[in-house]
Amino acid sequence: MTLARKGTRRIVVDGVEFRWKVRHKPTYDQGIGASPLTFVAEPAERPESLLVVSLPHPHPGNWLDLPSVPVLPRTVATAIRLALARGWRPFQPGPAFTLSLDETLTSALPVRVQAE
């Protein structure tokens, strides 16, 4: 299974280029806040296995105006590194690798403070 190239973003993690995407429109469960925000990632060249990452936040397009957060490149890079450490083999054929990031991990990501 591979991602359609349209709408994907590129990121380089430890010298390897990946493509990633957040679903533009929420699924029904995401729309009502019953399932979390997810994104998918795969290597840009020779993708064999897909990474599916769940975040502890609602989809930004949810229908109940639940507070959400944007998926930032640093979150994607952290998820890719963590998935690789936990056994994801993106260049070997196989089923999608799922990873759930919890609140402690996502809140521990560095935040840039802009000087005023």
Side-chain angles (χ1 to χ4, degrees):
M1 177 190 307
T2 61
L3 283 172
R5 290 193 185 272
K6 185 175 180 179
T8 60
R9 296 186 63 187
R10 295 173 25 176
I11 188 170
V12 177
V13 178
D14 301 331
V16 179
E17 186 177 344
F18 292 88
R19 293 183 304 125
W20 65 279
K21 182 177 184 173
V22 174
R23 182 181 172 101
H24 178 69
K25 292 183 180 180
T27 63
Y28 178 81
D29 284 347
Q30 289 174 332
I32 62 171
S35 64
L37 172 61
T38 59
F39 68 87
V40 293
E42 69 178 8
E45 300 295 324
R46 299 182 302 113
E48 295 287 343
S49 178
L50 193 65
L51 172 63
V52 180
V53 181
S54 296
L55 300 172
H57 308 287
H59 190 284
N62 72 77
W63 308 322
L64 305 175
D65 291 328
L66 299 170
S68 186
V69 296
V71 178
L72 301 175
R74 68 175 170 246
T75 305
V76 175
T78 298
I80 290 171
R81 287 186 184 106
L82 185 57
L84 291 169
R86 291 187 179 175
W88 178 43
R89 300 294 171 243
F91 298 108
Q92 294 179 1
F97 188 90
T98 58
L99 178 69
S100 292
L101 298 182
D102 64 7
E103 190 72 42
T104 57
L105 181 60
T106 57
S107 65
L109 292 172
V111 177
R112 285 189 199 163
V113 177
Q114 303 241 347
E116 294 182 24

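Just so you know, these numbers use all the heavy atoms, side chains as well, and skip hydrogens, waters and symmetry mates.
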Check whether any side-chain N or O of Lys21 sits under 3.5 Å from a backbone N or O of Lys6 as a donor-acceptor pair, and report yes or no.
yes
Flag, side chain of Ser100 to backbone of Ser54, donor-acceptor distance under 3.5 Å
no
For Ala41 versus Leu50, what's the shortest heavy-atom pair and its separation?
O-CD1, 3.6 Å
Qualifying residues under side-chain contact (heavy atoms from CB on, under 4.5 Å), relative to Thr27, sequence neighbours excluded:
Arg23, Asp29, Gln30, Ser35
The side-chain contact (heavy atoms from CB on, under 4.5 Å) partners of Arg86 (sequence neighbours excluded) come to Leu82, Phe97, Leu99
About how many Å separate CG of Leu84 and CZ of Arg89, when rounded to the nearest 0.5 Å?
7.0 Å
Tell me whether Ser49 contacts the main-chain N or O of Ala96 through its side chain, where contact means a donor paired with an acceptor under 3.5 Å.
no
Beyond-backbone contact of Glu48 with Gln92, side-chain heavy atoms, under 4.5 angstrom
no
Val16: what forms a side-chain contact (heavy atoms from CB on, under 4.5 Å) with it, not counting sequence neighbours?
Phe18, Phe91
Given Leu55, which of Val22, Asp102, Leu37 fulfils the side-chain contact (heavy atoms from CB on, under 4.5 Å) condition?
Leu37
Rounded at 0.5 Å granularity, tell me how far CD1 in Ile11 sits from CD1 in Ile80.
5.5 Å
Just jot down the side-chain contact (heavy atoms from CB on, under 4.5 Å) partners of Arg81, sequence neighbours excluded, or say none.
Val13, Asp14, Ala77
Do you know the tightest heavy-atom contact between Pro26 and Gly61?
CG-O, 3.3 Å
Arg10 meets the side chain to side chain donor-acceptor pair (under 3.5 Å) criterion, sequence neighbours left out, with Glu17
Which other residues end up in the same hydrophobic cluster as Ile32, if Ile, Leu, Val, Met, Phe, Trp and Tyr are linked when side-chain heavy atoms come under 4.5 Å apart?
Tyr28, Trp63
Under 4.5 Å between side-chain heavy atoms, chaining through other members, with only Ile, Leu, Val, Met, Phe, Trp and Tyr counted: pull out the rest of the cluster around Leu66, sorted by chain and number.
Leu64
Stepwise side chain to side chain contact (heavy atoms under 4.5 Å, CB included) check, Val53 with Trp20
CA-CA 10 Å; Val53 181; Trp20 65 279; over 6 Å; no
